[in-house]
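Down below is the structure, laid out as structure tokens.
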Amino acid sequence: MQIIGFRSPEEGDWASLRSLQYRDLHRGSLIRTAAHGIAAIILVGILLGKVPPLFLGGWMLSVFVAIFAATKIERALANIDQRRMTKAEYHRQAWTMTVLAAIWGVPILAFMPYGSLTDHLSVWAVMVMLIAGMSVLLAQVPVATIIFTSLCGISASASFVLAGQYDFAALTVIFCVMMIVGVLESSKVFLTARIAEMGVAEKEEVVSLLLREFEENEADWLWQVDPQRCVKAASPRFAFALGSEPSQVEGKRLIELIAGPNWQSGKSPPSLHELADRLKRRESFANLVVEVDLGDEHRWWELSGTPIFDERGNFAGFRGVGSDVTEQRESSEKIAYLARYDTLTGLPNRLMLTEALNEALRYAEQWRTRCSLLMIDLDRFKAVNDSLGHHVGDKLLAQVSKRLNAAMTDNEQVGRLGGDEFAVVIRDAERPGYIGEVAERIIHSLSAPYTVDDHTLYIGASVGSAVGPRDGVNVETLMRNADLALYRAKDEGGGEHCRFQPALHTDAQERLRLEASLRKAIENDELELHYQPVVSAMTEGVVSFEALLRWNSKEHGNVSPAKFIPLAEDTRLIVPIGDWVLRTACREATMWPEEIRVAVNVSGEQIIEPDFTKTIVRALSETGLPANRLEIEVTESIFLRDDRLARQVMEEILALGCSIALDDFGTGYSSLGYLRTMRFSTIKVDRSFVQGAAQQSPESLAIINAVVAMAQSLEISTTAEGVEDEVQAQLVRELGCTKIQGYYFGRPMPASEARTLVVRSRNSAVA
Ligand code: C2E
Ligand code: CA
Ligand code: CA
């Protein structure tokens with residue numbers, strides 16, 4: 001039914017099956033017309049004289065009219081593969097065939113039963129010939145053939161029945177049935193073949209579409225080489241990729257075309273050698289990325305190729321596809337770069353350093369040597385960043401990076417871990433003293449002054465080192481241990497190199513506990529101020545007290561300021577603590593006679609706080625202490641962080657009416673320049689010079705002499721610190737110091753003792 005067209009097929013649709021059947025129908029029109037014509041003439045020939053000529057003429061005319069109509073319909077179906085066949089067209093064609101078949105059935109039925117058997121059989125023979133012919137010539141359209149065969153068969157067998165020739169009638173039926181079965185069968189074969197053909201065509205179309213798309217994608221091309229590895233059948237696109245014309249690359253060796261002038265010298269990239277190898281060994285390869293040199297430019301190609309063989313199995317070269325991946329490659333290189341380098345400084349980042357350290361550890365293990373990790377932290381960088389802003393901080397970091405890079409040799413790799421932390425991996429640190437030398441080199445180069453946007457900045461560097469595999473067999477441990485050493489180095493005041501020791505672990509834990517306790521020290525009322533008298537070198541009367549902080553911790557007992565003050569500075573706990581110190585000292589000073597001043601130590605971390613001056617104003621106004629009775633003690637280091645900001649804050653403090661003392665003079669960077677440009681009221685000569693002078697050290701004596709001379713010319717007073725006995729007191733007096741502080745005149749004492757001391761000294765003065 002599906003083949004005939006009575007029912008829609010299970011797969012595909014009715015119209016497309018029909019178009020497969022009917023599209024070539026018109027090709028057989030002529031030969032079918034001829035067959036009908038010849039058969040009609042033979043038939044007329046047989047019947048001429050036995051049947052009225054008018055009838056014969058009319059019949060012949062109707063055959064030709066029907067054939068003409070059929071041909072017309074067949075012509076109209078010629079373009080059926082470009083459109084859908086309609087049911088109407090199908091029916092029209094079938095009806096034409098029915099009419100044609102009916103016309104053919106008329107002679108045998110109308111005259112033969114009454115004529116001779118010979119004539120009857122002759123006519124039947126002509127019809128058989130025509131049925132057979134139609135079955136062959138119209139096999140692809142079974143509906144037409146079946147109609148034609150059935151109708152002719154019915155009229156013929158009817159005529160035989162009427163003539164009483166039953167055996168012929170039966171034969172006719174059998175013949176027609178066989179004919180119909182045969183037609184159906186061959187039609188089915190025909191249709192199956194056409195469907196298969198259609199599948200192939202469809203596939204071809206898909207392949208050509210894919211190829212077209214492939215060729216349209218500009219980066220891709222097909223390439224082919226012959227057994228001598230010379231370019232064969234070069235496509236324009238491939239030639240274009242080579243920067244040339246197909247005719248110019250044809251027959252040239254592929255490797256020579258893409259290797260550039262370096263091929264002969266053997267300096268070509270490894271990827272090219274790999275390609276050459278594969279070609280030589282006739283091995284297929286996929287997505288091989290090769291670096292090609294096209295003379296004026298370097299590009300990256302991704303090539304795939306397979307060896308090809310001819311029908312006899314001989315190697316016939318290679319064929320494959322290629323694409324230019326330069327852009328992707330460049331962006332992935334960029335990504336790889338970004339992943340491994342720090343954008344701000346251009347130094348390797350943590351990831352890359354970790355890899356370098358891993359590699360160094362492996363190397364050390366393999367060759368039984370040592371590697372080392374140096375952690376570097378910039379001293380006072382935070383202050384710069386906080387006070388001058390990130391913009392300046394970033395520029396400073398860039399300069400630091402440059403210096404670090406310049407200080408490295410091939411055996412060392414420097415990188416930035418983040419913030420102001422850097423690290424150096426030393427691959428081979430076997431030579432004794434080597435690590436120390438590198439650390440020294442780093443500290444030295446980073447400690448020289450920097451100029452950023454008109455600011456002269458002084459920062460230093462602390463270095464902590466650990467040795468692998470001794471101090472850690474993996475990256476994590478080594479990093480942690482170097483970090484602990486760094487912590488220790490910073491703890492010791494910065495500008496130092498400290499090596500890792502196992503004891504640092506306990507130190508670090510101790511420090512953490514200390515910090516936790518210090519956080520609660522104010523609220524737990526564990527802080528106390530002691531006051532150390534400063535006396536006049538002439539009268540030995542108390543002129544001021546220096547407030548010195550004491551921490552009596554419930555957990556840690558009495559902790560030395562030398563220990564907890566740096567901790568408080570690191571953690572910025574010094575800000576609230578310093579605030580407390582100021583208020584407490586000012587309040588206490590109100591208990592003393594008016595001429596006795598109070599000196600309060602202030603750290604650099606406090607100075608750079610935005611409202612440091614306000615803190616002082618508040619302390620003064622809350623306690624009612626006149627500003628001229630408060631002396632702020634600062635060290636030179638505050639100018640090293642940020643000279644401009646420090647000077648500005650100093651000016652503000654002076655404007656309040658307070659005075660400023662320069663503490664620990666001589667221990668730091670000791671620039672006499674500060675003395676000239678800042679209005680200090682007092683210079684405190686560090687205890688070490690007093691002790692040195694007492695032991696007749698010429699340097700100490702020279703320094704004290706110079707400071708005193710300078711101070712006198714600037715009308716600044718000088719305090720000698722750490723005077724412990726009568727001899728030292730006499731010495732510093734002779735050297736010209738105007739004030740003396742030290743155990744000889746009084747140790748730091750609780751507030752109550754200071755009070756009784758001033759009352760006593762006043763009484764004695766009165767007396
Ligand atoms: P500094 O400002 O130089 O204070 C003087 C230090 O020398 C005090 O140590 C004091 O006890 C000690 N000293 C005084 N006379 C003598 C002497 O004759 N012989 C000897 N050997 N030592 C003497 P202290 O109290 O341990 O303070 C250490 C440092 O802690 C101070 O040095 C100061 O820099 C810091 N500090 C103390 N209190 C505060 C504070 O409230 N704020 C800040 N920011 N720092 C403070
Ligand atoms: Ca001091
Ligand atoms: Ca001091």
Side-chain angles (χ1 to χ4, degrees), residues 491 493 518 521-522 526-535 542 544-552 558-589 597-609 612 615-616 619 630-638 659-668 670 680-694 707 718-729 731-732 737 739-751 753-754:
D491 213 28
L518 188 59
I522 299 181
E526 292 174 353
L527 296 179
E528 192 193 348
L529 283 183
H530 279 194
Y531 301 89
Q532 185 177 31
V534 178
V535 302
V542 176
S544 65
F545 282 99
E546 177 177 2
L548 291 162
L549 190 56
R550 296 292 174 259
W551 178 25
N552 188 4
N558 278 324
V559 186
S560 154
K563 198 168 178 180
F564 75 82
I565 296 284
L567 179 63
E569 288 174 344
D570 273 2
T571 54
R572 294 184 82 72
L573 281 170
I574 195 71
V575 175
I577 290 175
D579 191 18
W580 178 88
V581 169
L582 261 172
R583 275 183 286 120
T584 313
C586 288
R587 193 180 309 118
E588 186 58 34
R597 303 200 287 179
V598 66
V600 174
N601 292 287
V602 164
S603 299
E605 270 70 21
Q606 292 171 267
I607 305 268
I608 58 169
E609 271 296 293
F612 177 64
T615 313
I616 296 181
L630 175 63
E631 185 167 52
I632 299 294
E633 287 193 11
V634 295
T635 59
E636 283 168 292
S637 63
I638 62 160
S659 50
I660 299 172
L662 188 60
D663 203 356
D664 300 346
F665 188 80
T667 58
S670 302
F680 293 111
S681 57
T682 303
I683 302 170
K684 299 186 80 172
V685 179
D686 192 68
R687 181 163 61 98
S688 54
F689 300 109
V690 174
Q691 304 293 325
V707 172
T718 39
T719 304
E721 287 187 304
V723 172
E724 293 182 343
D725 53 39
E726 170 66 48
V727 180
Q728 289 173 4
L731 175 67
V732 296
C737 292
K739 292 183 279 186
I740 305 176
Q741 180 180 4
Y743 292 170
Y744 179 62
F745 292 103
R747 291 182 174 250
M749 57 190 83
E753 280 180 37

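Start at 1 and go down the list; that is how both ligands and their atoms are numbered.
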- Query: Which heavy atom of the protein is the closest neighbour of atom 29 (C) of ligand 1, given with residue, atom name and distance?
  - Reply: Pro561 CB, 4.5 Å
- Query: At a 4.0 Å cut-off, with the gap strictly under it, does some heavy atom of Lys684 reach an atom of ligand 1?
  - Reply: no
- Any N/O of Gln741 closer than 3.5 Å to an N/O of ligand 1? no
- Counting heavy atoms under 4.0 Å, the part of His530 that contacts ligand 1 is neither
- Report the nearest protein non-hydrogen atom to atom 38 (N) of ligand 1: residue, atom name, distance rounded to 0.1 Å. Leu549 N, 3.0 Å
- Shortest protein heavy-atom distance from atom 12 (C) of ligand 1, along with the residue and atom involved: Tyr743 OH, 4.4 Å
- N or O pair under 3.5 Å between Tyr744 and ligand 1: no
- Task: Look at atom 45 (N) of ligand 1 and say which protein heavy atom is nearest, naming residue and atom and giving the distance to 0.1 Å.
- Result: Asn601 CB, 3.6 Å
- Task: Record the part of Arg747 in heavy-atom contact with ligand 1 below 4.0 Å; permitted values are side chain, backbone, both and neither.
- Result: neither
- Item | Short N-O contact, Glu631 and Lys684, less than 4.0 angstrom | no
- Task: Just let me know how Pro748 lines up against ligand 1, side chain, backbone, both or neither, with a heavy-atom cut-off below 4.0 Å.
- Result: side chain
- Message: Starting from atom 20 (C) of ligand 1, what is the nearest protein heavy atom, named by residue and atom, and what distance separates them?
- Response: Glu724 OE2, 3.3 Å
- Note on the structure: To the Ca ion (ligand 2), the closest N, O or S atom belonging to Asp663 is OD2
- Check whether any N, O or S atom of Glu546 sits under 3.0 Å from the Ca ion (ligand 2). yes
- Does Glu633 bring an N, O or S atom to under 3.0 Å of the Ca ion (ligand 3)? no
- Query: Can you tell me if Glu636 uses its side chain to pair, donor with acceptor, with the backbone of Phe665 under 3.5 Å?
  - Reply: no
